[in-house]
Novice: 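This is the structure I want to talk about, given as structure tokens.
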Amino acid sequence: MQTNFSPDQLRDPELAESNTILRTCVHCGFCTATCPTFVLLGDELDSPRGRIYLIKDMLESGGPATEPVVRHVDRCLSCLSCMTTCPSGVHYMHLVDHARTHIENTYRRPLPERVLRSVLALVLPRPWLMRLALLGAGVARPFRSLLPGKGMMAQRLRALLALAPRRLPPPSAAQSPQVHRAEGKRRGRVALLTGCAQQVLAPEINEATIRLLTRLGIEVVIPRGMGCCGALTHHMGKHEPAMAAARANLAAWSAEAEGEGLDAVIINTSGCGTTVKDYGFMFRAEPEPWRGRAERISALAMDVSEYLSRIGYAPTRPAPALTVAYHAACSLQHGQKITVEPKALLRRAGFTVVEPAEGHLCCGSAGTYNMMQPAIATRLRERKLANLAARRPDLVAAGNIGCITQLSGGDFPLVHTIELLDWMAGGPAPASLGPLLAARAA
Amino acid sequence: MIALPEPKAEVLARRDDIVAGLRALLPADAVIAEPERLRPYETDGLTAYRQIPLAVALPSTTDEVAAVMAFCHREGVRVVPRGAGTSLSGGALPLADAIVIGLMRLNRILSVDYADRVAVVQAGVTNIGITQRVQEEGFFYAPDPSSQLACMIGGNVNMNSGGAHCLKYGVTANNLLGLRIVTVEGEIVEIGGAHLDAAGYDWLGLLTGSEGQLAIVTEVTVRILRSPEGARAMLAGFRANEVAGACVDAIISSGIIPVALEFMDRPAIHACEAFAHAGYPLDAEALLIIEVEGSVEEQDRLLGQIRTICERFDPVSLRVAQTAEESAAIWKGRKGAFGAVGRISPDYLCMDGTIPTSRLPEVLGRIGAMSREYGLQVANIFHAGDGNLHPLIMFDANDPASMHKAECFGADILKLCVEVGGCLTGEHGVGVEKRDLMDVQFTPTELDQQRRIKSAFDPGWLLNPHKVFPLAAAAA
Amino acid sequence: MSVLAPESEAELAASIRSAWEAGEPLAIQGNGSKGAMLRPVQAARTLSTRALSGISLYAPNELILEAGAGTPLATVEAAVAAAGQQIIAEPPDLSALLGASSVQTIGGVVAANLSGPRRVAAGAMRDHLLGIRAVNGTGEVIRSGGRVLKNVTGLDLCKLLAGSHGTLGVLSAVTIKVLPAAESAGTLVLGGLDPARAVAALSAALGSPYGVSGAAFLPAAAAARVPALAGLGASATLVRIEEFAVSVAYRTARLRDDLARFGRADLLDDPASRAVWRAVRDVVPLAGGSGETVWRVSVRPSSGPAVLEAAEAAGGCGMLDWGGGLVWITAPTAAAEAVMAGARAAGGTWMLMRAPETLRAVLPVVPPEPPALARLTRAVKAAFDPKGILNPGRVFAGV
Ligand SMILES: Cc1cc2nc3c(=O)[nH]c(=O)nc-3n(C[C@H](O)[C@H](O)[C@H](O)COP(=O)(O)OP(=O)(O)OC[C@H]3O[C@@H](n4cnc5c(N)ncnc54)[C@H](O)[C@@H]3O)c2cc1C
Ligand SMILES: Cc1cc2nc3c(=O)[nH]c(=O)nc-3n(C[C@H](O)[C@H](O)[C@H](O)COP(=O)(O)OP(=O)(O)OC[C@H]3O[C@@H](n4cnc5c(N)ncnc54)[C@H](O)[C@@H]3O)c2cc1C
Ligand code: SF4
Ligand code: SF4
């Protein structure tokens, strides 16, 4: 597609990169049909091709972002379905990241929105703050319907409270910095990203991961100094906090990799996985040692399902006759292009695996999206739940905490894929399956 | 570059009133009028042409479409209908003094009847959306343009779109039973129904392929077909384009009509392989994708016969897909072919002429010569079975000289198609792109006849103006 | 009545031009086999295309054939058969049914968009019409389409003129797509079903993956008039496969299993199949009946039985083709209202194929169009034939 940047503009490496991406787009429109927001809203402006055009216009003009552009870019889930679809190989993710940074730097949002975004950016990446906030939300939750107003802000606050879990699990000791020794002969050594929100909301996911890997002979390191991957702030266009978070992780993992050595950096929250795999790109213009470290860590980063497929997984107990609907998290299927491994592992574990119609469409979770765009997120959630229900599953498995939170409260329990794999290989049954298994037994 | 007349100042002056009028008819989010938000609507799949519309209306029902049309008719405002905006001929190109009616919110499948094998869908349902809806019952909607993921049935009807499998199953026109249209005056009219061959004039046939010139389509009744027992694709690589062309001729002459028979040359093979990883032979100059249907034994027998024919042409490689996934990858590559060319060139112009199949080798040779003359690369991807060529001329839109050359090259190819007994467009439509070439194919008398039909439907020429008919003539 | 039979397209154009100048209506015919159908045309002179005869281009490997409009259909059929090919839409010869005797022309078949049993699977005559040359009502020669298999250049006048019964222009030449003829045919016959069960069986067959190319139902009386089916002594539900011989064997076997719930199907071999489907195509079972009128009703297949019943209740008889969607009816004059009401109730359409002239002049021979369409009909007619000299009143009074 034709672009209109001045030679001066093109000397800026960020703009030059975006120009390259824009020129790859041939405006064929294939991506529109698989974009969740276009499917719901039926407006070119809420499609990838439309957003690419809006971003092109904004970047070419060089001026500050304006409200219409911000509105439509904000509605993007960053689900990256468009990248799976695009035959031209347009790197929408890097383009929209650039646009978000430009918006953050040049556009002044209304005050309440600024406050909300700052609070989320402050709280979510910090587990201890998040615990505190959720305890407070737990108190406020019963009163959410009393929140006045139909405006976006009131909707958002209600959504926030609705998402807060009823009961908060106690903190888990397994997630604090330490080395979990391999059982038997050590076959490998990995670092585990314990995540930020996930360790507060669902510590059982990390616990299952650690149990299963150590049982398979893998030493699992939880390095000191590791924290949020940076995705939450990155997607808000908050460049510096995102880089700081990434740097902390790079330092922690590189110390391990350069010390006792690492076979992989394991990620069981696929949203984070996409970002860690992109560190190499994020640090492409940074001075050494960061650039080199980022490249090496991105190359080591692996989703837990990818890693398990590589080292081999086998169940050790007969599977109960359960039909598992596999919900493909966008960050796995689109962000990391991991589509076959999780299903193959679940089948290997002995489950009957089914997939919903419109599997490519996002469930609406998308990081902080369900808090920032509750109306769209709710419609996507309902659509996803209906598609899942149509397959009549006993339970739903997903590889991402965001999706699990978003889809909870439907007619079936949700678990992380790794919990099921651990269960069939000697671990405990996932707690959330309690009622289902009790009903089965009766 | 094809000229568009100056917008009517008189209409532009009434812009605010027109927008207010639309706002009174439609919900708030269904009228777009801010300049920034109009910009992404300025073009379709042919980005060489761009014009920012007066406003965009996004109705959600036939009644809303009718209300907007009645309003525009009363106010003398021109209208450009738009589906998914994937037209490769600039069919959905907006005009500065016209509003765009986007049909993408009419995206519901209204009914499916398996016993009578029909589905009623709104105009904004995607082509593949119909198949996705009925495939669990073993049915499909046959016309499969490569853009089927995105393009909408209303657009398909208006372009009479074809696809790789139309060699066996026909194009859009052959798979329709009924339409619900809104006339330029804003009247809702039903055409045909769930039965075959309506009495009276063939409105269905006339409206199909009419490129938004005659009416707005809001609902479509399509035939759905039961899928065959199975299908398998085969890849045959050859040493030269001409050899592959001769092989196509030999297959058709043998009395075997494959369900699909597609051609790609070397640049196309490489671009598509990079996207789809389908195992296309990278050492071949030309590739045929040949698909057959039926039971496994029937497929084996037909593929065996086709293989024997191919072997007479000294193929570089012959490979039959062994699994459904392999077949799917082969088609993913072919259907993503135009986009995949975006990997090797920033821009392309896609030609769409059709020629008698016996002239394939000669025409490919002459296109190659033109390519050297113009100094622009071409990737050839086309429906070989029916002679519908898609030479993709690669150029750089940021370089005006390159763009001009590409346009001249394209026009030369189309003239060549007509010269050998073919036509300007096999499935992408005339749009704005081929408008000024119409008199290469038609006499003034013939164009006048077509224009009188247009006038019968749209006396004020408000629908999708400045397209299809050469301007001087259209003014008449 | 004098008959003009121009020998070239230029002569044809000149004849029409002078008629236009004189404002003198013309009855258009190929070979004049149309005495009994649609509305009577009031014209002093008749223009025939029978002298525009001959195949001008036949390229079997390009699947196309071009012929003068006056070329006898039989000539075209023989030429393509010699190359192992066929006209896809399987146009019928309705002479027995309609009591006409002359040889039909390819132009007439196209102008009436007549298709046979294969239409349900492979499309109508208009679907395989690639190009036309025609003369409009002012004597101008116009072409549309061409000689290539795919063409969307400009408005599709081919389809508009196909089925326009000579009211928009007189065809001088047509180009059609042809295809290799199947090596063999086989037919499954289910005996004794009632119309509703029969259509359910036909729907199941057409909804199977075996590529059924004919699906018809003959009530007992009609079946009795087809030699190969007479032995049944009951209604016949017919399902045809046309394929390579091995595939015919395989597919009919699979279909027979799929249709087992409708009874045990007999298999007709290739020659018997051909004979039976020729009879269905030409509506032979209804020919020579006592009915004064012949109707052709097109509805959604599942409504076919109801239309048939309505006609039978009014004293008519009939048969179903196209999986139930095409209902052929012969009936006494008095049944006209019942037939039309049946078609209307099913949301379908009818065409009066044969009736006494007095009746044809007063009945709607096809369903009247809603006002918006009627307006378009008049406007499009005027766009081709401003003085209304071509077959005036043939389909609609005053058009
Ligand atoms: C990569 C690529 C591959 C393609 N491959 C094929 C192919 O294989 N075969 C093929 O035939 N085409 C192909 N096309 C062209 C294009 O996809 C088709 O022409 C398609 O039918 C357009 O549909 P649309 O919904 O995008 O319509 P648009 O592009 O939005 O509109 C097409 C035309 O129809 C009119 N229109 C649209 N909707 C309506 C309506 N409801 N009522 C009245 N008028 C309307 C518009 O005014 C315009 O003139 C391809 C395009 C691309 C980009
Ligand atoms: C419903 C219906 C039923 C018919 N039944 C029979 C039948 O049983 N037997 C039979 O022999 N014919 C029948 N006809 C006529 C039908 O045309 C024939 O099947 C065949 O087409 C006759 O060929 P013809 O050359 O005699 O055409 P005609 O019967 O002379 O003409 C058929 C129609 O096409 C028009 N027409 C003919 N040639 C041209 C042309 N070159 N350009 C433009 N218009 C033209 C005529 O004006 C007429 O309206 C029927 C037609 C219709 C519409
Ligand atoms: S990332 Fe998802 S929501 Fe955003 S444009 Fe792409 S497909 Fe649409
Ligand atoms: S699919 Fe890719 S090339 Fe096509 S419009 Fe979308 S981003 Fe651009």
Side-chain angles (χ1 to χ4, degrees), chain B residues 114-117 159-160 162 170-171 173-174 183 187 189 193-202 205-206 208-210 226-229 249 252-253 255 257 294-295 298 354-358 386-388 421-427 429-430 438 441-442 445-446 449-450 452-453 456-457 468, chain C residues 59-63 84 113 119 123-124 126-127 136 140-143 146-156 159-160 162-164 179-180 203 206-209 211 246-247 250 298-302 322 325-326 347-351 366-367 369-370 372-373 376-377 379-380 383-384 395:
Chain B
Y114 294 105
D116 288 337
R117 301 168 299 282
M159 287 311 201
N160 192 11
V171 295
N174 312 120
T183 64
E187 248 182 291
V189 179
H195 52 278
L196 298 171
D197 298 348
Y201 292 147
D202 189 356
L206 180 63
T208 307
S210 64
R226 177 64 194 259
S227 312
E229 278 188 276
D249 206 41
I252 303 261
S253 305
I257 306 293
S295 67
E298 288 173 324
T354 306
I355 57 165
T357 47
S358 60
D386 44 33
N388 187 191
C423 67
L424 296 174
T425 168
E427 57 182 18
V430 177
M438 283 290 271
Q441 189 173 330
F442 293 107
T445 312
E446 288 161 349
Q449 180 64 69
Q450 296 195 25
R452 286 197 300 273
I453 298 169
F457 279 79
V468 183
Chain C
N61 58 341
E62 291 180 30
L63 311 175
N113 188 26
R119 196 267 176 265
R126 58 84 119 162
D127 288 303
N136 67 15
E140 292 171 340
V141 176
I142 46 179
R143 300 163 307 154
R147 54 157 297 190
V148 287
L149 298 180
K150 238 160 122 192
N151 189 343
V152 297
T153 323
L155 296 175
D156 190 348
K159 293 205 176 58
L160 184 59
S164 68
L179 278 180
S203 283
L206 286 164
S208 79
V246 274
S247 289
Y250 164 77
S298 180
V299 290
R300 59 163 62 227
S302 56
W322 299 354
L326 176 66
T349 179
W350 67 81
M351 193 179 276
V366 300
E369 293 182 305
L373 276 188
L376 283 175
T377 293
V380 167
F384 280 89
V395 183

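Proteins get letters first, then strands, A, B, ... in listed order; numbering begins at 1 in each.
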Novice: With only heavy atoms counted, which part of B:E229 is less than 4.5 Å from chain C, the side chain, the backbone, both or neither?
Specialist: both
Novice: Non-hydrogen atoms of chain B under 4.5 Å away: do they reach the side chain of C:P180, the backbone, both or neither?
Specialist: side chain
Novice: Between B:G209, B:A115, B:G429, which shows the greatest number of heavy-atom pairs under 4.5 Å with chain C?
Specialist: B:A115
Novice: When you measure from the side chain of B:T208 to the backbone of B:A173, do you find a donor-acceptor pair of N or O atoms at a distance under 3.5 Å?
Specialist: no
Novice: Between B:T354 and chain C, which part of the residue has a heavy atom less than 4.5 Å away: side chain, backbone, both or neither?
Specialist: both
Novice: Tell me, with the steps shown, if C:R126 and B:D197 meet salt bridge (charged side-chain N to carboxylate O under 4.0 Å, His left out).
Specialist: CA-CA 9 Å; C:R126 58 84 119 162; B:D197 298 348; 5.4 Å; no
Novice: Below 4.5 Å, heavy-atom pairs only: which of B:G294, B:G387, B:S227 has the largest tally toward chain C?
Specialist: B:S227
Novice: If only side-chain N and O atoms count, and only distance matters, is there a donor-acceptor pair under 3.5 Å linking B:E298 with C:S247?
Specialist: yes
Novice: Let me know if C:P370 has heavy atoms under 4.5 Å from chain B in its side chain, its backbone, both or neither.
Specialist: neither
Novice: Which atoms of B:N388 are under 4.5 Å from chain C, going by heavy atoms: the side chain, the backbone, both sets, or neither?
Specialist: side chain
Novice: Do the side-chain N and O atoms of C:N136 and B:Q449 include a donor-acceptor pair separated by under 3.5 angstrom?
Specialist: yes
Novice: With chain B, which of C:G211, C:A372, C:S302 has the greatest number of heavy-atom pairs at distances under 4.5 Å?
Specialist: C:S302
Novice: If I measure from the heavy atoms of chain C, does B:F457 come under 4.5 Å with its side chain, its backbone, both, or neither?
Specialist: both
Novice: Let me know if C:L206 has heavy atoms under 4.5 Å from chain B in its side chain, its backbone, both or neither.
Specialist: both
Novice: Of the backbone (N, CA, C, O) and the side chain (C-beta and beyond), which part of B:E446 lies under 4.5 Å from a heavy atom of chain C, both, or neither?
Specialist: both
Novice: Using heavy-atom distances under 4.5 Å, tell me whether C:F384 contacts chain B through its side chain, its backbone, both, or neither.
Specialist: both
Novice: Under a 4.5 Å cut-off applied to non-hydrogen side-chain atoms, are B:T183 and B:V189 in contact?
Specialist: yes
Novice: Quick one: salt bridge (charged side-chain N to carboxylate O under 4.0 Å, His left out) partners of C:K159, sequence neighbours excluded?
Specialist: C:D156
Novice: Quick check for you: among C:I142, C:T153, C:V148, C:N113, which has the greatest number of heavy-atom pairs under 4.5 Å with chain B?
Specialist: C:T153
Novice: Can you tell me which portion of B:Q441 sits under 4.5 Å from chain C's heavy atoms? Options are side chain, backbone, both or neither.
Specialist: both
Novice: If the condition is side-chain hydrogen bond (donor to acceptor under 3.5 Å, both in side chains), which residues does C:T377 pass it with, not counting sequence neighbours?
Specialist: C:E369
Novice: I'd like to verify something: which residue of C:P60, C:P367, C:S208 has the highest number of heavy-atom pairs under 4.5 Å with chain B?
Specialist: C:S208
Novice: Looking just at side-chain N and O atoms, do C:E62 and B:S358 make a donor-acceptor pair shorter than 3.5 Å?
Specialist: yes
Novice: With a 4.5 angstrom heavy-atom cut-off, is it the side chain or the backbone of B:L196 that approaches chain C, or both, or neither?
Specialist: both
